[in-house]
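The structure appears right after this line, and notes come after that.
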Amino acid sequence: MAAEDVKLLSFWASPFAMRAILALEAKGVKYELIEETLNPKSQLLLESNPVYKKIPVLLHNGKAIPESLVIVLYVDEAWPERAGFFPKDPYARAMIHFWSDFIDKKIFEVTFRAAKAKGEEKEAALKELYDNFLTLESGFIKFDAKPFFNGSSIGYADICLAPFVAWLPVFVDLAGIRLPTAEEAPHLHKFIGAIREHPAAKVAFPDEEKLAAFGRILQQRWAAST
Ligand SMILES: N[C@@H](CCC(=O)N[C@@H](CS)C(=O)NCC(=O)O)C(=O)O
């Protein structure tokens, strides 16, 4: 096979870029990481993702693939040799998409809303998030997660959720998010423990202190803009 040219336009703190890195690492794909400053955006980023102009963008033999979850799907299909990110059964595959969508909308989006809000609005978002974690626990139970949605190896839904774990200490510290206890959500806690130890996460997750410092800067920006 001809040598592959794989590059990832990335930003070190981005949970979305972490998804792309996790997928590439899980598949054992060699890639070059191109760190974007985002301010200003590089010509390469503007050309490769003219619609959203956001990272991550995967460049595979000159073809640009934007959007983190599109990248994860693409990586799964372009490198089928290693363990797949989905179960074979069509219903189970559909449910993986369902829970991944839930993770995006009901975990990530509500967390960012809670982090940016103040007063009663913040309390309401934090309560909603707490309930959403309990709902996510029911998803882990339905999949009989061991400890991942995908079994013992990480798959699509796991990669979707994993960067939340990298950011978790920052979210707890700065946004005041509350997780259910290990008694209330044992599968969620097992997932958190297992993903932190996963070799792909060791590469994808940034240094905790560095992320905490970046989180403080973001919080100041959000406070100034509300
Ligand atoms: N839905 C996108 C979100 C990507 C995203 O929000 N990227 C941020 C960095 S975390 C970005 O590029 N921001 C620059 C901008 O919004 O101008 C994905 O899943 O890839």
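Note that ligands are numbered from 1 as they come in the structure, with each ligand's atoms numbered from 1 the same way.
Residues Ser153 and Arg82 are not in side-chain contact: their nearest non-hydrogen atoms beyond the backbone lie 4.5 Å or more apart.
The list of ring-ring contact (aromatic ring centres under 6.0 Å, His included) pairs with a residue in residues 37-56, not counting sequence neighbours, is empty.
The OH atom of Tyr31 sits 14.5 Å away from the NE2 atom of His60 when rounded to the nearest 0.5 Å. How far CG of Leu188 is from CG of Leu134: 9.0 Å, rounded to the nearest 0.5 Å.
Partners of Ala17 under the side-chain contact (heavy atoms from CB on, under 4.5 Å) rule, at least two apart in sequence or in another chain, are Ser10, Ser14, Ile55, Pro56.
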Would you list the atom pairs, donor with acceptor, under 3.5 Å between side chains in residues 168-181 and any protein atom, with sequence neighbours excluded?
residue: Thr181; atom: OG1; partner: Glu183; partner atom: N; Å: 3.4
residue: Thr181; atom: OG1; partner: Glu184; partner atom: N; Å: 3.1
residue: Thr181; atom: OG1; partner: Glu184; partner atom: OE1; Å: 3.3

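Contacts of ligand 1 (protein heavy-atom distance under 4.0 Å) are Ser14, Phe16, Leu38, Lys41, Lys54, Ile55, Pro56, Glu67, Ser68.
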